[in-house]
Structure formats: C-alpha cells, structure tokens
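Residue numbers begin at 1 in each chain, while the letters A, B, ... track the order of the sequences.
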Number of protein chains: 2
Amino acid sequence: MTGLSTSETFSSGTAEEEAYLYVLKAIRTGRLAPGTRLIPEDIAGEIGMSRMPVREAFRRLSTEGLVLIRTNRGCVVAGLSVEEIYEVFEMRSVLEGLAVRLATPRLDGDDFAELERLLARMQRGDQASDDWVTPHREFHEYLCSFSRRPKLIRQIARLHAAIEPYLRIWFHHAEKPVSADEDHRVILEALRTGDAARAESVIERHILDTAPALAAVVGETRQ
Amino acid sequence: MTGLSTSETFSSGTAEEEAYLYVLKAIRTGRLAPGTRLIPEDIAGEIGMSRMPVREAFRRLSTEGLVLIRTNRGCVVAGLSVEEIYEVFEMRSVLEGLAVRLATPRLDGDDFAELERLLARMQRGDQASDDWVTPHREFHEYLCSFSRRPKLIRQIARLHAAIEPYLRIWFHHAEKPVSADEDHRVILEALRTGDAARAESVIERHILDTAPALAAVVGETRQ
DNA sequence: CTCTGGATAAGTGGATACACAAATCCAAAC
DNA sequence: GTTTGGATTTGTGTATCCACTTATCCAGAG
C-alpha cells in the first residue's frame, strides 16, 4: 500500500481511477520523466478508454503537484527544481516529525520487529529487484501509519511521491545511500525509548539531512 | 489574495477555473454547508457552462479535501469530524511553525506595521462587514508569505480553507474569540525578537490552543 | 544560409449524447 | 400501518463531437 491509492475518492472501478493509478505509477517509478509531455489521447489509448477520464486524472495529479497543466498547452510531468526539492523535504520533516511524535506511544514490540524487517530488506536492496526505494518508503509509511491521522498520512505520501523519482536517480547514481542506514537505526533506537519529542527531532533531522545529498545528485545530472 | 487561487494550474479564463473559484468561495464562506449535495448540472447552470468543467473543479476540490466524491453517488461538501478538526490543526501547527521559522529573519519594520494593521482590523471586526475571519486569515497568510516557500504556503492555505467554515460558525456563535487577540500580540512580540525557534513554538502553541475551543463549538452545534 | 510568416497539423477546452447506476416513489402484500 | 418490490426519475461516468488555440512545417524573402 502506498497511501496514495486511498485518495479522497474511494478507489473503485472507474476509468478515472484507473488512469490516475496508471499515470501515478509511471511517474513514481520514473518511467515518465519530469518534463515529459502527457497527451491525454495517447494515454487513453494505452489503457483503452477515452480521454475524458484521463483529463480528470490529470487534474488530480496536478493538485497533488505531480503534473503541471498549462491552459491550452497541455500537461507535463512536473519536475522539481533544487529549491523545490529542499522545500518538499522541509515540509516532510515537520509532517513526519508530527506523525512520529504521535506514533511513538503506540508502538509495541511486534511493531519494532516489523520495522527491523523493513530495515533489513532495505539494506540488502531487497530480493533481486534492486530496489532500495520501495522498502525505504514502506519503512516510513509503516511508522507514520501509527499516528492514526489519515489526512496527515496521505499528505506525507503525496510529498513522498513527488520526490520518489529523484530518490531512484540517487539510488542508481551513487550506490545505496549508506548513511541513511545508520540514520534509521538511530530512529529506531529513539522510538524504543518512547521519548516522543526526541523521536520527532531525530526524524526531522534525518529527513533534512537527506535533502542536500539528493539535491547535489539532481543538480549534477542537470548540467 | 487567498493563496488558493494561485493553484498549480495558472489561473486564467478557463471554465474549470471559474467553477473552481465559484464553489471554493461558496464553501469557504459557508454558503454551501458541509453535507450539501453538489449537483454538477445545477452549478453549471448557475454560472453558465456545461457540467464537464464543473466536474473537473470537483476533482480538484476533492483532492484538496473540501469535497467528497463517491463513485456514482455524487459530490458533497466535506464536513470535518471533531477528530478531523484536531488533525487539521495539528498539521497547520507544524506547517505554519515551519513557515514562521523561515519567515522570522526576513521581517522588517514595515512588515510589522502591516501585521499590526491587520491585527487592528481583526480586533474591530473590520468595517461593518462583521468579519473577523478574513483579517485573521490575512494575518496568518501575510506572515507565512515571508517564508518564500510556494508549496508550503499553498498547503497551509488549503488546510485553512477546510476549517474556515467552522471558524465562521465559531465567530457567530461565541462573540469574537478574544483570547486569540492576546495570542497574536504574543506572536508579534516573539517575531520582533528575531528568535526563529521561539517564534515557531509560539505559533505552534497558538494554533493548537485554538483547536479545542473550535471543536467544542462544532461538537455542540451537532447535537 | 537564416529569418519570417502563413498554411497545416496537432491538441486542448468545452458541450452534447448516451448508457448505466442509484435514489425515489408508489402500489400491492402482509 | 408497515414492508416489499418494481417502475420511474434523477444523476453519474464516459464517449464523441466541435470550435478554437498552439505548435509544426515549409516556402519565399532577405
């Protein structure tokens, strides 16, 4: 689960929903790179529907910041500038800080075990899929889910979706960001103490510290 | 300026934009109360267009949480439960905290004068319009604008739009929330010291402290 | 060769049309 | 009087169509 498929609209068999999930996945996985022009008719063709539901999916993606619609000029995948990457990380830092603060008192032994498991998957890049990003996201999402704040969780998921393509570039560019592994250990440790304020500040710091490295890689690939 | 009219889509003369702003305003001002069913055809009629652009406006509003779309069952104005009101205030507290932290070093004397002016308008309920909410929003928006973080500002505006109807109920129910006036003085004072961390925590506290009073009034009017 | 402008193609926003789902209403059965 | 089930109405989701805007391309002027 990604937290985004559960949007305000109940997911169900509508064409709009299908189009939304289809484009969302393509953007998150990087198949549709920032700047790519999205032509409703083409996408509609790919998944067998007319372009109306695709247009509506674009609206949703646009509000979520994943896509940019300019009047009469179509829809493009919304890249982030370096400043915007920092901005998204700043927002994530305080929102996930809040989520973790609320989650801390609700975690028990089994939950820590699950978090450890996700951490392990992350460290070995997971089964042959060569994917560090997915378990990383799952770690954060699993943690945030204990806040029991649906709107908060969804908002965090949206912000994550916006940076996910760049995380993948980072992962492929440098090797697996090794410093993050230590970070996550520290987070787990703080959580175990049950000190909500400390857990909050640790995760805030963790997220903010990730930003410059990511921004550097992205800035580099743009020259 | 509300911060919402400047959405991801450049505002311009499209029908969708017009429909969006029309419904947004109606919800914010309370003309369309939570739970009200929104029938695309009717709204389209009111502003002279077909229902397609109205539907697209609904999608946007839905993503912003102001409206709820259930498949094949139409669109209703999304009320907030008491828990959700708390949730929105929690999110606002950390996001506005961040915004104010970033804004603090950028404020100069003229800006304080403007903030004082907005505060004064707020205290006397503004010129006969009997409206405390608008200058209150403007105070917060003006302050946040100095953070220079477009996405952050927009997100805060969205959260504010969701609670604005309830602020109006509060304002009409009780008289002008007088405790808030003192709060805002304290905020200004903290800002003047230039201590970003202190300003951040003061505004976080201010926002969180507002929630219970509002929740109480709302819970009351629901029985 | 480069630049300009206008024809042509491509694509967007919006309106209309139609099939289907859900809600409503009403009458018959209990 | 209440309940049940089916016609009718209302409204939603999607496809198609049209008008208009923007992008592309190409020929002629410089």
**Q** Walk me through whether A:E17 and A:R60 qualify under salt bridge (Lys or Arg N to Asp or Glu O under 4.0 Å).
**A** CA-CA 10 Å; A:E17 181 78 6; A:R60 232 160 110 185; 3.2 Å; yes
**Q** Answer yes or no: is there an ion pair linking B:R59 with B:E56, defined by an N-O contact shorter than 4.0 Å?
**A**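 Result for this pair is no, no salt bridge flagged.
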**Q** What is the separation between atom CE on B:M52 and atom P on D:dA19, rounded to the nearest whole Å?
**A**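 It works out to 19 Å between those atoms.
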**Q** Given atom CD of B:E18 and atom C1' of C:dG14, what is their separation to the nearest angstrom?
**A**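 One finds 13 Å between C1' of C:dG14 and CD of B:E18, rounded.
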**Q** From the set D:dG13, C:dG14, C:dT12, return the single nucleotide nearest to any side-chain atom of B:A15.
**A** C:dG14
**Q** From the set D:dA15, C:dA22, D:dT12, return the single nucleotide nearest to any side-chain atom of B:R73.
**A**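 Among the listed nucleotides, the one closest to the side chain of B:R73 is C:dA22.
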**Q** Hey, does the side-chain of A:R51 have a donor or acceptor N/O within less than 3.5 Å of a partner on the base of C:dG11?
**A** no
**Q** Whole angstrom is fine here: how far is it from CZ in A:F58 over to C1' in C:dT12?
**A**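 In whole Å, C:dT12 C1' lies 12 Å from A:F58 CZ.
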**Q** Take atom CD of B:E17 and atom C1' of C:dG13, then tell me their distance rounded to the nearest Å.
**A**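 Between C1' of C:dG13 and CD of B:E17: 13 Å.
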**Q** Between P on C:dG13 and CZ on B:R60, what's the gap in Å once rounded to a whole number?
**A** 12 Å
**Q** Less than 3.5 Å between a donor and an acceptor, one on the side chain of A:R55 and one on the base of C:dG13, is that the case here?
**A** yes
**Q** Whole-Å distance between D:dT12 P and B:I69 CD1?
**A** 10 Å
**Q** Is there side-chain contact between A:I203 and A:I207, with heavy atoms separated by less than 4.5 Å?
**A** yes
**Q** Side chain of B:E41 only, heavy atoms from C-beta on: which candidate in C:dT12, D:dA15, D:dT12 is closest?
**A** D:dT12
**Q** Starting at atom CE of A:M49, determine the distance to atom P of D:dT14, rounded to an integer number of angstrom.
**A** 7 Å
**Q** Has B:R92 got its NZ or CZ under 6.0 Å from the middle of the six-membered ring of B:F89, at an angle within 45 degrees of the ring axis?
**A**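 Yes; both conditions hold, so B:R92 lies above the ring face of B:F89.
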**Q** Which nucleotide in the list D:dT12, D:dA15, C:dT12 gets nearest to the side chain of A:I39?
**A**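 Among D:dT12, D:dA15, C:dT12, the one nearest the side chain of A:I39 is C:dT12.
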**Q** Could you give the CZ-to-C1' distance, from A:R59 to C:dT12, as a whole number of Å?
**A** 10 Å
**Q** My understanding is that only residues two or more places apart in sequence, or in another chain, count here; which of them pass side chain to side chain contact (heavy atoms under 4.5 Å, CB included) with B:A19?
**A** B:I47, B:M49, B:V54, B:A57
**Q** Nearest to the side chain of A:R37, which nucleotide is it out of D:dT21, D:dT14, C:dG11?
**A**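 Between D:dT21, D:dT14, C:dG11, the one nearest the side chain of A:R37 would be C:dG11.
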